[in-house]
Amino acid sequence: MPYLQTEVTKVTTHVLQNMKRQGEKIAMLTAYDYSMARLLDRTKIDVVLVGDSAANVMDGYQTTLPITLDEMIFYGASVVRAIKRALVVVDMPFGTYQGNSKLALASAIRIMKETGADAVKLEGGEEVLESISRILTAGIPVMGHLGLTPQSINKFGTYAVRATDQQEASRLLHDAQVLQQAGCFAVVLEKIPAALAQQATQQLTIPTIGIGAGPHTDGQVLVLQDMLGITQQFQPRYLRLYGNFGEEISRAVCQYVSDVKQQQFPNEKEQY
Ligand code: KIV
């Protein structure tokens, strides 16, 4: 398996920058727990995102808004304990950075100190510039996130593709420049037209990581449980299934239940 890792050289923000320059695509996936993160660490995944999509995947909330800083720190620390190679980025949850840059810095410092992560990610453009700048002054790398920003779902009213009109597209390109000038090391572009993502990628010197943003971004990100077929109810057009582990887990559990009921488990070799 060529993409299983053999030697460990830690991925840094500089490595990602060089990958963009050299045209090598960046592979990023989410993880929220130690066991999954250990499996990811066996591969050559470049970036592991402890996304606030944990609110949906791990906690069962409808949106990402309810997840707390304490929860993100708990998930982040679990993932960091497993990862040796990839750059680990932890999402700043809703309400911990918007409109108050001192709170933003305090939240980011807690994430870095209590998880051991390499960077934080937050959603938004010019409106969160002050928060981003203050976090960066503490030497904390920041990844931006534009396009469909799920923490703004109540403003959008829909999870449909963003920036399909000229005004929103221009705003996104402007915000991408603002994030780059502020010092963000990369930016996630979520659910926007492929041509717009291509334009942003060409205009920026920092890497773009797309989700539902077409093939021209510098990297791609998916939610791990989505691409493994575990969160089966969520099937957007951009999602490619790399496994059907939801079915496999159900099959295995049904077999176990049946074996216990039929007294087929444990057998004579499975006891002391
Ligand atoms: O929270 C998350 O998983 C994310 C990715 C979808 C980029 O922000």
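In each ligand, atom 1 is the first atom listed, and ligand 1 is the first ligand listed.
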E114: partners by salt bridge (charged side-chain N to carboxylate O under 4.0 Å, His left out), with sequence neighbours left out
R110
Suppose we screen for salt bridge (charged side-chain N to carboxylate O under 4.0 Å, His left out). Which residues come up paired with K191, at least two apart in sequence or across chains?
none
With a 4.0 Å cut-off, would you call R171 and E127 a salt bridge?
yes
Please give the remaining members of the hydrophobic cluster of I153, linking ILVMFWY side chains under 4.5 Å, ordered by chain and number.
L65, F94, L148, F156, Y159
Quick test of your reading of the model: are R251 and E248 salt-bridged, counting only N-O distances below 4.0 Å?
yes
Verdict with supporting geometry, T30 and V48, side-chain contact (heavy atoms from CB on, under 4.5 Å):
CA-CA 5 Å; T30 64; V48 173; over 6 Å; no
Quick check on ligand 1: any N or O pairs to the protein under 3.5 Å? One line per pair.
from	atom 1	to	atom 2	distance (Å)
ligand 1	1 (O)	D52	N	3.2
ligand 1	1 (O)	D52	OD1	3.1
ligand 1	1 (O)	S53	N	3.0
ligand 1	1 (O)	S53	OG	3.3
ligand 1	1 (O)	D91	OD2	3.1
ligand 1	3 (O)	S53	OG	2.5
ligand 1	8 (O)	K121	NZ	2.9

